[in-house]
Amino acid sequence: MSTENHPGSSEVWIAGVGLTPVGEHWEKSLREIALEAITAASADAPGLRPQAVYVANSLALALTGQSQLGSLLADFAGLRGVEAVTVEAAGASGGAALRQAYLALRSGAIDVALVVGTEKVTDQAGPALQSALATASDSDYEAVQGVTPTAQAALMMRRYLHETGAPPDAMAGFSLVAHSNAVGNPFAMYRRAIKPEDYGRAGMLSEPLNLYDAAPVADGAAALILARSGALSPASLVPAVRIVGSSLAIAAIALHDRADPLVLGAAERSARLAYDQAGLRPEDIDVFELHDAFSIYAALSLEAAGFAERGQGWRLAQDGEITRQGRIPITTFGGSKARGDTAGATGVYQVAEVTLQLQERAGANQVDGARIGMAQCLAGTGGTAATHILARSEGS
Amino acid sequence: MENAKHWRLRRQRYALVGEVCPHCQEKIFPPRDVCPECGEEAKDLFEFSGQGQVYSFTKVFDAPTGYEDSAPYTLALVQLDEGPMVTAQLTDVPEEQIQVGMPVEMVTRKLRSDGDRGMLVYGYKFRPRAA
């Protein structure tokens, strides 16, 4: 165990979560969606007023033409007088914002923090949206060649299938499980199960990647209220969930600048740091919300976090190991694939979902006996990775 | 307008000029001034041969702004003979002939266009290597 968990230092608890439906919310603005999540999280953590707000967002500058989200959203939510700032790390923004809140709470500078991930995607479409999404790649050496997130995932997927000899439908299981889990999630965008033949018939987006390998990018917001031990209400009605591991790691932003493009180095380092801090190993994790903006990332993330050897991650999906009854349940609320991909807000959705699992508040999506859960989000092709391990307090 | 941004990168875009590390001889592209291999300063220029092979490839249909006119186009990761990998489009080759491992060479082509009055950005693409 690292010194970050030494006795006497303040522990960080998740005191409240707030989720909003992911979808195409033409009638709602960025600030309105965020407010819904903030209101829901605040209602879940009565009596706790945040002293600092960490906004996770990656696309507002490009798609809404809005900066200063920290001030905009805190003010709009009536949280005047707080400290507020935006944390941006593309698709890893949610985990990165939580990491900043965690550090502020651990330092003792503040007692209560709000993390809100929000993304308003559907105000733009077509080339403008693709350009905005491509800002997560290396502007000078990737984006200038006309890359899109879809194409980059396809490049990784083709090479993966080439090197491993895995069948063309190797990734189907990730999509099937995500869709099946989304059926029970009232906040999911696509609440319907799909069949293996649906995957087989799906149109190609960027060969070998098909429609069911790609998560739909959509609007959504999720929020967390975090508190230090002393600020937490002892009268809380739900089991307390503590952050026992928190980390952020980086790799080269460009896919071509990595020694092995099929190894998610940032995800690997970030997972290891979180495991070490928590004193845990992969086999201790009961539920894992991973990055599945494209199915190939689910396979590579399972490998990076130590659940499969290099080139073997897809087998966990084929063998039913990733279902809610399997060895390592993932995307238990549908993941980005079926809950919907909210870009920079995704990391906050993940942690909220893990929290609900550990508190036995996951309803139809409950993983039986889940006590320890992990959430990991990635930016772009994996240039940034943030990992958090949560544990249900013993005795609650 | 982004004239300065593209002008600044002309040697990389038109001639694959990268760097070689004076300490460990690592060949570096794109240039990054700090050797990714040994961590020492690496600012000695090195012009790559432009020869390489296809590491992976795919086709882009949903193009970003400025690339709509060329869609669909083939995007690839190309491993250069000297070691580094680059992201680049493939050109002058029918899709069905492309394979992982195919030898390719660099050519200079138009990358993006910003409308009738906008600027044209040129840079490297790769085509099948002449036999």
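Quick note on labels: first sequence line is chain A, next is B, and so on, each numbered from 1. All figures in this text were calculated on a predicted structure; none of them were measured in a lab.
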**Asked** For A:Asp138, is it the side chain, the backbone, both, or neither that has a heavy atom closer than 4.5 Å to a heavy atom of chain B?
**Response** neither
**Request:** With a 4.5 Å cut-off on heavy-atom pairs, point out which of B:Phe29, B:Tyr67, B:Phe61 contacts chain A the most.
**Result:** B:Tyr67
**Asked** Which pair of heavy atoms, one from A:His256 and one from B:Met85, lies closest together, and at what distance?
**Response** CB-O, 3.3 Å
**Prompt:** Any side-chain heavy atom of B:Leu77 within less than 4.5 Å of one from A:Arg159?
**Reply:** no
**Message:** Using only atom types and a distance under 3.5 Å, with no angle test, would you say the side chain of A:Ser131 pairs donor to acceptor with the backbone of B:Pro64?
**Reply:** no
**Item:** CD1/A:Ile250: more than 12 non-hydrogen atoms of other groups inside 6.0 Å
**Value:** no
**Item:** Top of B:Val60, B:Val100, B:Val78 for chain A proximity - count of heavy-atom pairs under 4.5 angstrom
**Value:** B:Val100
**Prompt:** Does any non-hydrogen side-chain atom of A:Gln145 lie less than 4.5 Å from one of B:Val86?
**Reply:** no
**Request:** Could you tell me which portion of B:Tyr73 (side chain, backbone, both or neither) has an atom closer than 4.5 angstrom to a non-hydrogen atom of chain A?
**Result:** side chain
**Under 4.5 Å from a heavy atom of chain A, the part of B:Glu68 involved** = side chain
**Complete:** Here the gap from A:Glu163 atom CD to B:Ser56 atom OG, rounded to the nearest 0.5 Å, amounts to 9.5 Å
**Message:** At a 4.5 Å cut-off on heavy atoms, which part of A:Ala143 comes close to chain B: side chain, backbone, both, or neither?
**Reply:** backbone
**Request:** Heavy-atom distances under 4.5 Å only: say whether B:Ala76 touches chain A with side chain, backbone, both or neither.
**Result:** backbone
**Message:** With chain A as the partner, which of B:Lys59, B:His6, B:Lys125 has the greatest number of non-hydrogen pairs under 4.5 Å?
**Reply:** B:Lys59
**Contact leader toward chain B among A:Glu142, A:Met156, A:His162, where contacts are heavy-atom pairs under 4.5 Å** = A:His162
**Message:** Could you check whether atom CZ of B:Arg11 has more than 12 heavy atoms from other residues, nucleotides or ligands sitting under 6.0 Å from it?
**Reply:** no
**Fill in**
Heavy atoms of B:Asp62 and A:Gln130 approach each other most closely as O-CG, 3.5 Å
**Residue B:Lys5 excluded, over 12 heavy atoms near NZ under 6.0 Å** = yes
**Most chain B-contacting option - heavy-atom pairs closer than 4.5 Å, from A:Leu129, A:Leu133, A:Leu209, A:Val147** = A:Val147
**Request:** Using non-hydrogen atoms and a 4.5 Å limit, figure out which bit of A:Leu205 sits close to chain B: side chain, backbone, both or neither.
**Result:** backbone
**Heavy-atom donor-acceptor pair, B:Thr58 side chain to A:Leu155 backbone, under 3.5 Å** = no
**Asked** Is the count of non-hydrogen atoms from other residues, nucleotides or ligands lying under 6.0 Å from A:Glu197 atom CD greater than 12?
**Response** yes
**Request:** Say whether, by atom type as modelled, one donor and one acceptor occur between the side chain of B:Arg112 and the main chain of A:Gly146 under 3.5 angstrom.
**Result:** no
**Item:** Interface residue of largest heavy-atom contact number with chain B, from A:Pro261, A:Ser139, A:Ala132, under 4.5 Å
**Value:** A:Pro261
**Request:** Any chance you could lay out the side-chain contact (heavy atoms from CB on, under 4.5 Å) test for A:Asp257 and B:Arg32, step after step, and finish with the verdict?
**Result:** CA-CA 10 Å; A:Asp257 277 337; B:Arg32 42 168 59 225; 3.3 Å; yes
**Prompt:** So what's closer than 4.5 Å to chain A heavy atoms on B:Ala63: side chain, backbone, both or neither?
**Reply:** backbone
**Contact class of B:Gln79 relative to chain A, heavy atoms under 4.5 angstrom** = neither
